[in-house]
Amino acid sequence: MKKLQKREKVLLMVLIILLIILLPFVFLIYPAMQSNNAKQLTYQDLRAAQTEMQTKLATKPALEENLKQLQKTYEENTALIPSPMKNYDIHYFISGLCTNAGVTLDSLSIGDYQSVQSETEGGQKKDTLLYSSSLALSVSGTFDQSMALLNGLSGYPYVIVTDFYIDMTAPASPSVTTIKASLYAVPLPGSSEFTSVEQQQTASASASSESTAQASASPSPAAS
């Protein structure tokens, strides 16, 4: 067997030393570093989630208070302007006012609810979430009774009397009073009226955005 020369012995010793150094790094230190990096990322994600949760917990009382305030505001607004009523509910409502005033309800015409339109800055009309129904009624009674009915109608903020006429040609007999009024309502979220106006407003906003985009994309006369 050939003996190793001194130079070969040195190279062999260097190789053995390198193996002694590299093997623990490859099989022990490097995997530990990878595992540590993964744990560090997981720890950062958990810390971020913890911070987010603590923020939500800190704002929970304020959110609950805001929710209570919104519910209170909604109840107050509902008392001022109710949701659209059915025709029989409107008839019951007007009949009750006539009974309280002492007049006889001779006739009552109830129009369909229509969205009250508002005018935009560009002069265009758009539907709103405020609806109105046109009422026309005829009652019989004394002048004081007719005035009591008008006062009763004016006591409701969602009823606006637009016109009335009291026939006083025969003062000895009960007079006939004709009244025209608008009955306002606000549809509840999720109702067909609410969804219709919401979709129309969304479509209008989309059309406006597309029109603006097309105007920006079209070349100006000077550029052509």
Side-chain angles (χ1 to χ4, degrees), residues 65-168 174-209:
E65 184 64 28
N66 290 338
L67 179 60
K68 290 180 181 178
Q69 187 64 35
L70 288 175
Q71 290 175 341
K72 181 180 178 181
T73 303
Y74 173 76
E75 292 173 357
E76 292 174 351
N77 290 337
T78 302
L80 292 176
I81 304 180
S83 59
M85 293 188 288
K86 302 294 184 182
N87 284 359
Y88 55 80
D89 290 327
I90 298 176
H91 191 279
Y92 181 80
F93 169 66
I94 297 298
S95 297
L97 290 177
C98 291
T99 301
N100 293 336
V103 299
T104 301
L105 179 62
D106 298 326
S107 65
L108 173 62
S109 174
I110 304 172
D112 294 333
Y113 277 102
Q114 301 291 335
S115 176
V116 178
Q117 293 187 329
S118 64
E119 187 171 339
T120 62
E121 294 181 357
Q124 297 179 344
K125 299 285 187 178
K126 70 173 183 178
D127 291 341
T128 64
L129 290 176
L130 182 65
Y131 278 66
S132 69
S133 171
S134 298
L135 305 180
L137 57 147
S138 175
V139 299
S140 300
T142 64
F143 176 82
D144 291 338
Q145 290 173 335
S146 298
M147 291 305 299
L149 175 61
L150 289 171
N151 289 333
L153 289 170
S154 63
Y156 293 87
Y158 50 88
V159 179
I160 304 298
V161 176
T162 56
D163 188 26
F164 71 93
Y165 173 74
I166 302 177
D167 186 2
M168 299 294 294
S175 59
V176 176
T177 302
T178 57
I179 301 173
K180 293 182 180 180
S182 295
L183 179 65
Y184 290 91
V186 175
L188 295 174
S191 63
S192 58
E193 296 90 349
F194 185 94
T195 305
S196 175
V197 175
E198 190 178 48
Q199 289 176 346
Q200 186 186 53
Q201 291 178 349
T202 302
S204 177
S206 299
S208 177
S209 299

Point to revise | Gap between atom CG of Leu108 and atom CD1 of Ile94 - 0.5 Å precision | key: 6.0 Å
Practice item. Please name all residues satisfying side-chain hydrogen bond (donor to acceptor under 3.5 Å, both in side chains) with Ser95, sequence neighbours left out, ordered by chain then number. Key: His91
**Study point:** Crowding at CG, Asp163 (>12 non-hydrogen neighbours, <6.0 Å)
**Key:** yes
Revision key, fill the gap. Applying side chain to side chain contact (heavy atoms under 4.5 Å, CB included) to Thr162 and not counting sequence neighbours gives Lys180, Ser182
Show every donor-acceptor pair shorter than 3.5 Å between a side-chain atom in residues 133-140 and any protein atom, with sequence neighbours excluded, or say none if there are none.
| unit_1 | atom_1 | unit_2 | atom_2 | d |
| --- | --- | --- | --- | --- |
| Ser133 | OG | Gly111 | O | 2.5 |
| Ser140 | OG | Asp106 | OD2 | 2.5 |

**Study point:** Nearest-0.5 Å distance that lies between atom OH in Tyr92 and atom OG1 in Thr99
**Key:** 9.0 Å
Practice item. Run the numbers on Thr178 and Asp167 for side chain to side chain contact (heavy atoms under 4.5 Å, CB included), then give the verdict. Key: CA-CA 8 Å; Thr178 57; Asp167 186 2; over 6 Å; no
Review point. When you measure from the side chain of Tyr113 to the backbone N and O of Met85, does any donor-acceptor pair fall under 3.5 Å?
Key: yes
Review point. Ile160: what forms a side chain to side chain contact (heavy atoms under 4.5 Å, CB included) with it, not counting sequence neighbours?
Key: Tyr184
Only pairs under 3.5 Å count here: list side-chain donor-acceptor contacts from residues 141-152, not counting sequence neighbours, and write none if there are none.
| unit_1 | atom_1 | unit_2 | atom_2 | d |
| --- | --- | --- | --- | --- |
| Thr142 | OG1 | Gln145 | N | 3.2 |
| Thr142 | OG1 | Gln145 | OE1 | 3.4 |
| Gln145 | OE1 | Thr142 | N | 2.9 |
| Gln145 | NE2 | Gly102 | O | 3.4 |
| Ser146 | OG | Thr142 | O | 3.1 |
| Ser146 | OG | Thr177 | OG1 | 2.8 |
| Asn151 | ND2 | Met147 | O | 3.2 |

Exercise for review: Sequence neighbours left out, what passes ring-ring contact (aromatic ring centres under 6.0 Å, His included) with Tyr156? Give chain and number order.
Suggested key: Phe93, Tyr158
